[in-house]
Visitor: 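Sharing a structure here in structure tokens format.
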Amino acid sequence: MSVLIHRMQDHRVLKWALVLLFVVCGGYLLGKWSLEPGKIRLLIFLGLMLLALPLTVKHPRVLMFGMLIYLPFLGFFRRMLIPVSGWSSYDPLVIFVPVVVLMMGFFWMYRTYIGRQGIQKEDDTYLFKLVRWMIIIDLIQVVNPLQGSILTGFGGIMFYVVPLFWMVLSRLYMTEAWLKRIYGAICGIAVISSLYGLKQITYGFAEFERIWIQIAGYAALIVGDGSRAFSFFTNAAEYTTFLVVSVVILWVYLLRGNAVQRLCAVLIIPLLLYCIFMQSSRTPVILTSLSLAVMTVVHAKTTAGRVLSLLIMAGMLAGAFVGISRIESSNELIAHQVNGLTNPMDEEHSTAGIHVAMFVNGMLKGIVNPLGYGLGSTTLAGAKLSDTGDSSEVDLSNMMISTGIAGGLVYGLILLETLRRAFRMAQKHTTALIILGMLIATLGAWSNGGNYSVCALIWLSIGFLDKLTLTQGGIRQT
């Protein structure tokens with residue numbers, strides 16, 4: 001067989017005949033599909049893949065940057081196509097970035113393990129070992145029969161393995177200069193998306209957005225007579241978390257940036273904080289406050305400075321709480337937010353108790369079945385493909401459910417080691433301080449695959465953080 005293949009490759013006429021046949025058949029299919037509105041999404045997907053494939057080899061950093069710009073607008077692109085091509089839950093536009101990341105990630109695995117290139121001892125870390133073990137556990141859980149269908153397991157790869165491959169690719173290709181470009185672009189997108197989100201809250205949704213809300217049955221969007229915004233994103237939670245991450249980046253610019261960065265931070269942070277508040281979700285507000293306080297304290301150079309920073313931030317947060325508790329508004333979003341923040345233990349106004357119970361139940365479920373229920377069992381894939389979706393809304397307890405005690409333990413160690421490294425490096429490096437704030441502000445949702453753009457950004461940052469610690473404070477360019 002191999003001899004036959006080599007002869008075909010060396011036969012010039014046959015080779016060009018096959019290329020011509022491929023071009024003709026491909027052109028025919030593209031022309032045929034272009035006349036069918038339902039195939040528009042597939043055609044766009046194929047076009048994006050043709051652009052991405054050469055970049056995976058020639059310019060992987062450019063490709064990674066482009067994918068991170070694409071993800072925040074994914075939901076908007078999909079909704080805009082509804083009047084033209086209808087709506088599908090199995091949209092190829094959703095899998096474009098995961099497919100590219102998986103291709104690059106599995107090629108790395110092939111080159112490392114099958115190609116026997118290995119990992120140099122001086123380039124390895126405890127965190128990277130944990131991540132590789134997590135990938136192996138996840139891939140084994142793809143075939144767990146308890147999730148109902150192997151298709152559910154393959155769907156789980158998109159939500160749990162893809163983020164880990166973002167970490168791997170970041171270690172391979174990311175530099176501080178590129179990460180700074182990414183963070184700057186994220187802040188720019190946050191401004192545009194926040195303005196569009198305010199437009200949705202104030203003036204309502206566009207027609208194609210209203211159609212999508214009806215199709216999706218998006219009940220969580222409605223708060224009394226008001227409605228949360230989702231801006232350009234796939235859902236309101238992703239939009240809110242994206243704004244939170246942007247506030248973290250800008251806060252560090254305010255603490256350690258140059259004059260232009262500080263001016264931008266002063267102008268933009270109030271807008272983003274207002275938009276986060278208007279999302280009427282309490283967890284982002286609490287985690288953002290905690291993150292800003294921790295970053296401010298860590299930023300200080302001396303013990304006295306840290307104590308002073310702690311007192312100042314505590315005073316500011318206490319003042320903000322008192323101010324919020326006195327707000328009286330007929331706006332349903334504001335009233336819902338105020339009642340939840342000022343009555344955190346009241347089940348009538350707050351869902352904190354429900355979320356805690358879901359986390360505890362998820363952990364217990366993983367202990368009861370130590371082998372796990374399958375990789376896709378806690379993802380959207382489980383709900384769509386086999387009706388086994390059982391998310392606890394916290395990544396650690398989700399891992400306990402999906403991958404059992406082994407996966408939950410490894411993932412827990414990844415969380416602890418990542419936070420330890422972030423705290424250790426944050427005082428020395430501005431980028432590490434941003435990553436620390438990002439990790440705290442999204443705690444419990446690092447592997448929330450439904451938040452496509454934020455999840456990718458988090459694990460990209462973790463990969464760079466891991467590479468940063470290799471030189472004990474220095475930055476190794478690749």
Side-chain angles (χ1 to χ4, degrees), residues 176 179-180 182-184 186-187 190-191 194 240-277 279 281-325 337 341 344 415-416 418-446 454 457-458 461-462 464-465 468-469 473 475:
E176 187 172 36
L179 197 60
K180 286 181 178 178
I182 291 170
Y183 287 161
I186 293 301
C187 293
V191 174
S194 64
T240 308
T241 311
F242 192 89
L243 296 184
V244 168
V245 168
S246 302
V247 168
V248 166
I249 296 170
L250 289 165
W251 188 263
V252 175
Y253 287 167
L254 186 63
L255 294 174
R256 294 186 179 179
N258 56 40
V260 174
Q261 290 173 329
R262 287 178 174 174
L263 177 61
C264 290
V266 169
L267 295 175
I268 299 173
I269 286 176
L271 169 66
L272 301 187
L273 288 177
Y274 175 73
C275 291
I276 292 170
F277 185 83
Q279 285 300 96
S281 181
R282 275 79 68 187
T283 301
V285 173
I286 294 170
L287 288 179
T288 301
S289 302
L290 176 62
S291 176
L292 299 185
V294 170
M295 287 190 297
T296 304
V297 173
V298 172
H299 163 70
K301 303 298 183 185
T302 64
T303 302
R306 291 178 194 139
V307 172
L308 180 60
S309 298
L310 179 61
L311 294 175
I312 292 173
M313 290 303 297
M316 290 176 61
L317 293 176
F321 178 80
V322 172
I324 289 173
S325 64
Q337 182 73 282
L341 289 173
L415 297 181
L416 293 174
T418 302
L419 288 170
R420 186 185 72 83
R421 288 170 180 264
F423 272 105
R424 192 180 76 182
M425 300 299 297
Q427 197 173 55
K428 299 177 182 178
H429 292 277
T430 298
T431 304
L433 183 61
I434 292 175
I435 296 172
L436 173 63
M438 191 184 302
L439 295 175
I440 294 173
T442 58
L443 199 62
W446 294 3
V454 179
L457 184 64
I458 290 170
S461 300
I462 292 173
F464 179 80
L465 175 69
L468 188 65
T469 58
I475 299 173

Visitor: How far does CZ of Arg256 sit from CZ of Arg262, to the nearest 0.5 angstrom?
Guide: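 With rounding to 0.5 Å, CZ (Arg256) is 10.5 Å from CZ (Arg262).
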Visitor: Indicate the atoms forming the closest heavy-atom contact of Gly305 with Ala300, along with that distance.
Guide: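 For Gly305 versus Ala300, the nearest heavy atoms are C-CB, 3.5 Å.
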Visitor: Answer yes or no: is there a donor N or O on one side and an acceptor on the other, between the side chain of Thr442 and the main chain of Ala445, under 3.5 Å?
Guide: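 No.
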Visitor: Does any N or O in the side chain of Ser291 come within less than 3.5 Å of the main-chain N or O of Gly437, such that one atom is a donor and the other an acceptor?
Guide: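 At least one qualifying donor-acceptor pair exists.
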Visitor: Walk me through it: do Leu468 and Thr431 pass the test side-chain contact (heavy atoms from CB on, under 4.5 Å)?
Guide: CA-CA 10 Å; Leu468 188 65; Thr431 304; 5.6 Å; no
Visitor: Going by the rule side-chain contact (heavy atoms from CB on, under 4.5 Å), which residues pair with Leu272 if we only count those two or more places apart in sequence or in a different chain?
Guide: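 Expected list: Ala190, Ser194, Leu243, Ser246, Val247, Leu250, Ile268.
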Visitor: Rounded to the nearest 0.5 Å, what's the gap from CG on Leu436 to NE2 on His429? Could you check?
Guide: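 The distance works out to 13.5 Å.
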Visitor: So which atom in Ser309 and which in Val297 form the shortest heavy-atom distance, rounded to 0.1 Å?
Guide: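 Ser309 and Val297 have their closest heavy atoms at CB-CA, 4.1 Å.
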Visitor: Atom CE in Met438, atom CD1 in Ile434: separation rounded to 0.5 Å?
Guide: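 The distance works out to 7.0 Å.
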Visitor: From the options Leu439, Leu433, Ile440, select the one residue that forms a side chain to side chain contact (heavy atoms under 4.5 Å, CB included) with Phe423.
Guide: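 Running side chain to side chain contact (heavy atoms under 4.5 Å, CB included) over Leu439, Leu433, Ile440 with Phe423 returns exactly one hit, Ile440.
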Visitor: Quick one: do Leu443 and Leu419 satisfy side-chain contact (heavy atoms from CB on, under 4.5 Å)? Show the steps, please.
Guide: CA-CA 10 Å; Leu443 199 62; Leu419 288 170; 4.3 Å; yes
Visitor: side-chain hydrogen bond (donor to acceptor under 3.5 Å, both in side chains) for Tyr183 and Ser461? Distances and angles first, verdict last.
Guide: CA-CA 10 Å; Tyr183 287 161; Ser461 300; 2.7 Å; yes
Visitor: Take Lys180 and Glu176 through the test side-chain contact (heavy atoms from CB on, under 4.5 Å) and record every step on the way to the result.
Guide: CA-CA 6 Å; Lys180 286 181 178 178; Glu176 187 172 36; 3.9 Å; yes
Visitor: Nearest heavy-atom pair of Leu457 and Ile186: which atoms, and what distance?
Guide: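 Heavy-atom minimum between the residues: CD2-CG1, 4.1 Å.
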Visitor: Give a yes or no answer on whether the side chain of Gln261 reaches the backbone of Leu255 with a donor-acceptor pair at less than 3.5 Å.
Guide: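 Between the backbone of Leu255 and the side chain of Gln261 there is no qualifying donor-acceptor contact (under 3.5 Å).
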